[in-house]
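Computed from a prediction, not measured in an experiment: that's the story for all the values here.
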Amino acid sequence: MSSAALAPPRSRRPRARVLIAVAPGLLLTLLALTGPLFAPRTVDSPVTAPYAPPGKDALLGGDQLGRDVLSRMLHGGSALIGSALVVAVLVTALAAVLGCFAVLTPVLGRLVERSADVAILLPPVLGMMLIALAWPGGGRLAVMAAATVLGVPYAVRVVASAAAPVAASGFVEAATAGGERLWHLALREILPNLRSTVLALFGLRFVAAVYVISMAGFLQLGPQPPAADWALMIRENAPGALLNPWAVVAPSIAIGLLAVSVNLAADALTPAARREP
């Protein structure tokens with residue numbers, strides 16, 4: 001009687017901790033995605049003097065062309081989050097599938113090892129520049145492709161390392177002896193047992209994608225002026241940081257909070273996935 005009465009509170013506490021950890025990331029993501037709806041002004045219309053301090057016409061002041069920093073902040077997050085989300089989903093999905101097949105196919109496993117070695121040794125900035133500049137037309141799509149190509153080899157190695165003990169388990173050996181095909185072993189026997197690894201990997205790849213895409217925007221390899229982009233805002237307004245620090249500080253804080261909150265959310269959800277039956 002007493003044990004039954006005490007069981008529900010213990011189960012609610014971990015859920016409450018997970019919700020507290022996940023809420024900031026969800027709220028920030030929702031605000032960034034719906035930000036254009038709340039922007040007080042258009043993103044390309046000057047409303048103040050260049051690098052004007054915060055005032056009633058612009059709560060965060062003006063940028064290098066006198067445009068409202070707050071409005072550009074509210075418009076600049078949706079594209080960054082959308083791009084990072086697409087990259088994280090693609091990298092995680094490819095890594096999950098290839099990693100499960102790699103532990104079952106020695107040739108593919110060696111190829112994954114060599115590819116990961118090359119990707120780790122190649123400086124991210126150099127690799128991103130090589131891929132983005134070679135992409136026809138460049139732009140945000142080129143940066144997303146570069147982030148995906150550079151992220152897959154390392155992510156596959158992570159999944160393969162987690163899948164190796166599962167592949168050596170008795171139920172996988174029994175399925176192999178029963179004549180199950182390779183795709184069945186990889187996708188039906190091994191992959192369902194890697195939920196916590198895949199979830200944690202998704203959080204890490206999302207954060208990595210945010211940093212890579214932001215770095216590309218700062219180097220002007222992705223979106224070009226006058227697009228509203230958090231990383232591009234930092235580069236454009238850096239010369240006037242002393243006149244209106246918010247033009248640089250606000251997008252910097254937004255990028256940092258986004259990366260930290262999503263990482264904390266993924267970290268909080270990972271133990272919950274491990275407790276699933």
Side-chain angles (χ1 to χ4, degrees), residues 23-88 125 128-129 132 135 137-147 206-263:
L26 289 178
L27 291 176
L28 185 58
T29 302
L30 182 63
L31 177 61
L33 294 177
T34 60
L37 300 177
F38 304 102
R41 302 181 183 277
T42 59
V43 295
D44 53 357
S45 299
V47 295
T48 66
Y51 298 121
K56 62 179 181 179
D57 293 331
L59 295 180
L60 294 180
D63 64 358
Q64 84 278 16
L65 296 179
R67 298 168 297 191
D68 183 22
V69 172
L70 177 60
S71 297
R72 294 182 66 80
M73 279 288 301
L74 293 174
H75 278 86
S78 57
L80 174 62
I81 291 179
S83 302
L85 184 62
V86 171
V87 171
V125 176
M128 182 182 62
M129 293 179 64
W135 190 275
R140 188 178 296 274
L141 186 60
V143 174
M144 293 170 59
F206 181 87
V207 174
V210 169
Y211 285 139
V212 169
I213 295 173
S214 300
M215 180 173 56
F218 185 79
L219 297 174
Q220 291 189 347
L221 294 176
Q224 300 296 318
D229 182 85
W230 288 347
L232 194 58
M233 288 175 64
I234 298 173
R235 178 183 177 87
E236 289 179 338
N237 297 309
L242 296 179
L243 299 176
N244 182 20
W246 285 110
V248 176
V249 173
S252 301
I253 292 177
I255 293 174
L257 288 178
L258 175 64
V260 172
S261 62
V262 172
N263 202 11

Which pair of non-hydrogen atoms, one from [X] and one from [Y], has the smallest distance, and what is that distance?
X	Y	result
Gly62	Ala247	O-CB, 4.3 Å
Val87	Ala147	CG1-CB, 3.8 Å
Ala84	Ile213	N-CD1, 3.6 Å
Ser261	Leu28	OG-CD2, 4.0 Å
Tyr51	Glu236	OH-O, 3.5 Å

Given 3.5 Å as the limit, does a donor-acceptor pair link the side chain of [X] with the main chain of [Y], or not?
X	Y	answer
Ser71	Asp68	no
Asn237	Val69	no
Arg41	Ala58	no

Next on the checklist: If you count every heavy atom of other residues, nucleotides or ligands that lies below 6.0 Å from Leu37 atom CG, does the total exceed 12?
Outcome noted: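 More than 12 within 6.0 Å, yes.
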Are any non-hydrogen side-chain atoms of Pro251 and Met73 less than 4.5 angstrom apart?
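They are in side-chain contact.
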What is the distance from atom [atom1] of [X] to atom [atom2] of [Y], rounded to the nearest 0.5 Å?
X	Y	atom1	atom2	value
Trp246	Leu70	CH2	CG	11.0 Å
Leu60	Asn244	CG	CG	8.0 Å
Asp63	Thr48	CG	OG1	7.5 Å
Leu141	Ser83	CG	OG	9.0 Å
Leu257	Ser252	CG	OG	10.5 Å
Trp230	Ile255	CH2	CD1	7.0 Å

Assess the residue pair Arg67 and Val43 against the criterion (side chain to side chain contact (heavy atoms under 4.5 Å, CB included)); give the C-alpha distance rounded to whole Å, side-chain angles, the decisive distance to 0.1 Å, and a yes or no. CA-CA 7 Å; Arg67 298 168 297 191; Val43 295; over 6 Å; no
Problem set entry | Lys/Arg N to Asp/Glu carboxylate O, Arg72 vs Asp229, below 4.0 Å | no
